[in-house]
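Right, one structure below, let's go through it.
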There are 2 protein chains.
Amino acid sequence: MHLHTGETDARLLEAALELLAERGYQGATTRRIAERAGVAEVTLFRRFGSKARLLAEAVRRAGAAFEEVAARPSGDLRADLLEMARNYQEPFELGGAAAFMLAVEASRAGELRGALAEALQPRIRAVQDFFAHYQRAGALRPGDLDTMINAFLGPLVGAAFFQRTTGRGPRLDLEKHVEGFLGGWSA
Amino acid sequence: MHLHTGETDARLLEAALELLAERGYQGATTRRIAERAGVAEVTLFRRFGSKARLLAEAVRRAGAAFEEVAARPSGDLRADLLEMARNYQEPFELGGAAAFMLAVEASRAGELRGALAEALQPRIRAVQDFFAHYQRAGALRPGDLDTMINAFLGPLVGAAFFQRTTGRGPRLDLEKHVEGFLGGWSA
DNA sequence: CCTGTATGTAAGTGCATGCTAACATCAGTC
DNA sequence: GACTGATGTTAGCATGCACTTACATACAGG
């Protein structure tokens, strides 16, 4: 075996993810991916078989990276919300891979849809459980779970959206966002 | 002159917008656009010169369509917010053109960026003025204009985002969204 | 009927794309 | 030092792309 076996894959996956976010599925050409990864184009096909498989695998791993973003209730709702907001802000807004753009691409390129859904499903569950927990504990209003989750995560997505598309807009003030949310949704 | 002169342009612009939202800039090929519009591909080039010009014009008109979405304060904050939410929900979430996807594409395809900025700028101003007005009137908390706007519009974008990307998630309950917002941000 | 204009049809050009084939290199293993 | 496996280099193929050219058709106004 070569020394760099695993590294080659990692570099291809990372380059694929970046280009997918920057340029979209069709804009992430195999030539560009290979160039950014610093390997020959043919290596991409030898290791992943096709562009679709490489990108699907890249999306799957990007989703798995979200595992680190905890959404486990500690008992202190305000602190948990702030931490969650911080954890989600980076991948949505500024992270090199731009989860935001990935999701958009995945919704369009059929080959990626399954990979994204697979990667996101446990995350969605965790967030639902988090809010449901604080509802049962009496800290949040009962009912309307989806609207509530959206009221909390929506502004994070929205801020990323406006920043990416208009290039303007300051970074969201997370403390004030949490405060506004609690004002509207705490029991 | 032909009878259908204006109609040809309109159909091309509409088809271009739909495909841009569905498939992205590169996925919106001139063949597909012409086919959906029901005209010959060569007609597209005769009337708009190039794909880039057609799509830029389509985005410009889509932005102009937002003009109808009023953000003029009437004095009744709650009613205004609800109307605004309703007016924004359709283009963001379900409208055929999917403003959401357009904005994503425009942020990537340099040729469209100017057209989108041009179309969006008056809209952004109107929304800022709307919230600033109710701040001065004492109905909304002073300061933090951007965070506040984001708290209101973010969930609308977020709901569209989750619907489009995951295919799931119910439509946002606008009345409860407005109520939650007022709970957090009214003075 | 004639002319001008908007459209359609058909064919094609040059380029980028995803992907393949053939051969060379280079580092470890035995 | 031969062998193996991962890589690089080069060339190429078929396809789809934006876009063009040339010619035919249809319809309106004079």
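Lettering of chains follows the sequences in order, A, B, ..., and the numbering in each one begins at 1.
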Could you tell me if the side chain of Glu22(B) sits less than 4.5 Å from the side chain of Met101(B), heavy atoms only? no
Touch class at under 4.0 angstrom, heavy-atom based, for Glu41(A) against every strand present: base
Using a heavy-atom cut-off of under 4.0 Å over every strand shown, decide if Gly27(A) touches base, sugar-phosphate, or nothing. nothing
If you assign each of Ala40(A) and Arg31(A) to its closest nucleotide in DNA chain D, which residue comes earlier from the 5' end? Ala40(A)
Do any side-chain nitrogens or oxygens of Thr43(A) fall under 4.0 Å of OP1 or OP2 in dG8(D)? yes
Between Leu55(B) (CG) and dA18(D) (C1'), how many Å, whole number? 12 Å
Check every atom of dA18(D), dG18(C), dG8(C) against the side chain of Lys51(A) and return the nucleotide holding the closest atom. dG18(C)
Start at the 5' end of DNA chain C and walk down; is the nucleotide closest to Arg46(B) or to Phe45(A) reached first? Arg46(B)
Non-hydrogen atoms of Gln135(A) and Gly143(A) that approach each other most closely: NE2-O, 2.8 Å
Below 3.5 Å, can you tabulate the donor-acceptor pairs from side chains in residues 74-81 of chain B to any protein atom, sequence neighbours excluded?
{"from": "Ser74(B)", "atom 1": "OG", "to": "Asp76(B)", "atom 2": "N", "distance (Å)": "3.4"}
{"from": "Ser74(B)", "atom 1": "OG", "to": "Asp80(B)", "atom 2": "OD1", "distance (Å)": "2.9"}
{"from": "Ser74(B)", "atom 1": "OG", "to": "Asp80(B)", "atom 2": "OD2", "distance (Å)": "3.3"}
{"from": "Asp76(B)", "atom 1": "OD1", "to": "Arg78(B)", "atom 2": "N", "distance (Å)": "3.3"}
{"from": "Asp76(B)", "atom 1": "OD1", "to": "Ala79(B)", "atom 2": "N", "distance (Å)": "3.2"}
{"from": "Asp80(B)", "atom 1": "OD2", "to": "Ser74(B)", "atom 2": "N", "distance (Å)": "2.6"}
{"from": "Asp80(B)", "atom 1": "OD2", "to": "Tyr134(B)", "atom 2": "OH", "distance (Å)": "2.6"}

Any side-chain N or O of Arg32(B) below 4.0 angstrom from OP1/OP2 of dG16(D)? no
Output the rounded distance in Å from CD (Gln26(B)) to C1' (dT17(C)). 11 Å
Please pick, from dT7(D), dC17(D), dT7(C), the nucleotide with the shortest atom-to-atom distance to any side-chain atom of Thr8(A). dT7(D)
Can you run down the ring pair (Phe, Tyr, Trp, His ring centres under 6.0 Å) pairs that involve residues 24-47 of chain A, sequence neighbours left out, and say none if there aren't any? none
Of the listed nucleotides (dT9(C), dC17(D), dC19(C)), which one gets closest to any side-chain atom of Val42(B)? dT9(C)
